[in-house]
2 protein chains.
Amino acid sequence: MSLRYALLGLLAEEPASGYDLTRKFERALQRYAWHAQHSQIYPELNRLAADGLAMVVAEGARGRRTYAITDKGRTELRSWMLNPPDVFVVRHEFVLRLFLLSTLDPDDARAVLRPVVEDSARELATLRESIDTADTTTPPGALPAFGRLVAEYGLRSFQTMHDWALWALDQIDQADTTAPEINHSE
Amino acid sequence: MSLRYALLGLLAEEPASGYDLTRKFERALQRYAWHAQHSQIYPELNRLAADGLAMVVAEGARGRRTYAITDKGRTELRSWMLNPPDVFVVRHEFVLRLFLLSTLDPDDARAVLRPVVEDSARELATLRESIDTADTTTPPGALPAFGRLVAEYGLRSFQTMHDWALWALDQIDQADTTAPEINHSE
DNA sequence: TCAGGCATGTAACTCGTTACATGATTGC
DNA sequence: GCAATCATGTAACGAGTTACATGCCTGA
């Protein structure tokens with residue numbers, strides 16, 4: 001049911017069409033939080049409308065339909081936000097690979113980790129730049145957009161991953177040079 | 001296909017039954033990396049065996065079947081580990097809620113964030129304790145188990161989340177006391 | 001005019017969840 | 001004997017992916 005609330009949440013920020021929402025997923029949500037394609041989004045929008053949680057507020061060129069959240073939708077969304085489950089659904093292929101690093105020999109493990117260092121550094125730089133731009137263009141004293149909170153979370157997460165990957169490479173090197181002959185049994 | 005590799009990876013560490021694997025998911029993978037129930041694990045084990053990537057190596061009481069990874073399975077797993085996709089699948093309901101914090105008013109946002117501070121502190125303490133125990137029981141000079149790498153990643157991730165949530169609460173307070181009258185329009 | 005992007009949809013398939021179902025073993 | 005746990009399975013359903021399908025607008 002998370003897709004339903006992801007859509008309601010995006011609609012709560014501003015009205016949007018299925019096409020808009022698809023692009024929002026690609027740009028922001030997909031990398032950190034949730035993934036969905038247009039083939040899933042359009043039917044769900046129709047269901048949201050059928051359930052009275054969203055409604056079509058404009059029809060434009062090329063069959064474009066702009067949806068907005070309804071009061072009922074807002075109530076439903078708020079209730080979902082304030083009642084988190086005890087255990088969250090997590091599916092993270094990257095972290096899965098970290099878990100399975102133990103199945104590789106040191107050289108292979110290093111080969112997996114090195115791109116992690118570079119990728120996280122690149123993500124970090126991109127995010128920091130867009131945060132700096134946003135911070136300087138925001139009038140002083142204004143409410144910081146909540147998007148700023150998420151960006152900060154992303155920034156810290158990439159920093160953590162970067163630092164960790166460097167540390168992990170170091171750990172592997174140490175183990176490898178200290179006692180390389182213990183390996184290669186079996 | 002990630003489930004397939006998660007299972008292969010766990011079998012690469014040691015032979016296990018479907019029942020064992022189900023518990024491993026519950027204990028470790030589920031919270032951080034991937035989730036699966038027994039109803040998905042048993043059929044997939046049968047498929048792994050049919051494809052020659054795993055095989056039954058022992059049959060025990062109560063119909064228990066212990067599977068082990070085959071050489072073909074190891075080759076397949078290694079190839080998967082060394083060829084990561086450009087973009088990872090991420091489904092993280094917790095982070096989704098962070099994104100949608102912007103749809104809540106400051107009081108509601110605080111109500112969402114406060115438990116995050118507490119939960120992450122608790123997870124942090126538990127993880128640190130089990131890491132300390134593992135570190136002191138590991139004979140000095142031995143190869144650090146790769147599980148130690150993941151534990152460290154978990155530790156740092158929870159620390160990051162904890163620090164971020166405190167920072168976010170502070171940001172909300174500041175915005176709320178600086179310019180509370182800007183809100184409540186519309 | 002025509003390429004590229006806007007815009008929506010659906011069918012077939014696979015993945016994942018929930019619920020139902022069954023029985024064996026162990027320890028008290 | 002019986003409760004708890006071990007142990008595996010499947011059917012029905014819902015969620016998510018891939019591929020196919022269609023047509024409209026805008027700008028060069």
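Every chain is numbered from 1 and lettered A, B, ... according to where its sequence line falls, protein lines coming before strand lines.
The side chain to side chain donor-acceptor pair (under 3.5 Å) test applied to B:Asp119 returns B:Arg122, not counting sequence neighbours. Under the rule for a side chain to side chain donor-acceptor pair (under 3.5 Å), the partners of B:His35 that lie at least two apart in sequence or sit in another chain are B:Gln30. Residues satisfying the ring pair (Phe, Tyr, Trp, His ring centres under 6.0 Å) criterion with A:Tyr19, sequence neighbours excluded, are absent altogether. Annotation: salt bridge (Lys or Arg N to Asp or Glu O under 4.0 Å) contacts of B:Glu14 (sequence neighbours excluded): B:Lys24. Partners of B:Tyr32 according to the ring pair (Phe, Tyr, Trp, His ring centres under 6.0 Å) rule, which considers only residues two or more places apart in sequence or in another chain, are B:Phe158. With sequence neighbours left out, the side chain to side chain contact (heavy atoms under 4.5 Å, CB included) criterion links B:Arg110 to B:Pro106, B:Asp107, B:Arg114, B:Leu169, B:Ile172, B:Asp173, B:Asp176.
In this structure, A:Tyr19 atom OH and C:dT8 atom P are separated by 9 Å, rounded to whole Å. B:Glu93 places its CD atom 12 Å from the P atom of C:dT17, with the value rounded to the nearest Å. If you take CZ of A:Arg65 and P of C:dA7, they are 12 Å apart, rounded to a whole angstrom. Going from atom CD of B:Gln30 over to atom C1' of C:dT17 covers 13 Å, rounded to whole Å.
With axes fitted over five pairs at each extremity, the angle between the ends of the helix from C:dT1-D:dA28 to C:dC28-D:dG1 is 20° (10° resolution).
Note on residues 67-79 of chain B: pairs passing salt bridge (charged side-chain N to carboxylate O under 4.0 Å, His left out), not counting sequence neighbours, are A:Asp108-B:Arg78. Evaluation of the side-chain hydrogen bond (donor to acceptor under 3.5 Å, both in side chains) test over residues 80-89 of chain B, restricted to residues two or more places apart or in two chains, returns none.
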I'd like a table of atom pairs between the protein and nucleotides 11-16 of chain C - only N or O on both sides, under 3.5 Å - with the distance next to each one.
residue: C:dG16; atom: OP2; partner: B:Gln40; partner atom: NE2; Å: 2.6
residue: C:dG16; atom: O5'; partner: B:Gln40; partner atom: NE2; Å: 3.2
residue: C:dG16; atom: O3'; partner: A:Arg91; partner atom: NH2; Å: 3.0

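Residues from residues 55-64 of chain A lying near DNA chain D, meaning a heavy-atom separation below 4.0 Å, are A:Ala61, A:Arg62 in numerical order.
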A:Glu44 and A:Arg47: salt bridge (Lys or Arg N to Asp or Glu O under 4.0 Å), yes or no, with the steps?
CA-CA 5 Å; A:Glu44 187 63 38; A:Arg47 279 190 288 268; 3.1 Å; yes
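Looking at heavy atoms from C-beta onward, B:Gln171 lies out of side-chain contact with A:Arg148 at the 4.5 angstrom threshold.
Rounded to the nearest 0.5 Å, atoms CE (B:Met161) and OG (A:Ser157) are 7.5 Å apart.
Mapping B:Arg23 and B:Val89 onto DNA chain D by nearest heavy atom places B:Arg23 at the nucleotide closer to the 5' end.
Once you apply a 4.0 Å limit to the heavy atoms of chain A, the touched nucleotides of DNA chain D run 5' to 3' over D:dA15 to D:dT26.
The hydrophobic clustering, which links ILVMFWY residues whose side-chain heavy atoms are closer than 4.5 Å, places B:Val57 and B:Ile69 apart.
Here the options are B:Tyr67, B:Trp34, B:Phe25, the test is side chain to side chain contact (heavy atoms under 4.5 Å, CB included), and the partner is B:Leu7; only B:Phe25 passes.
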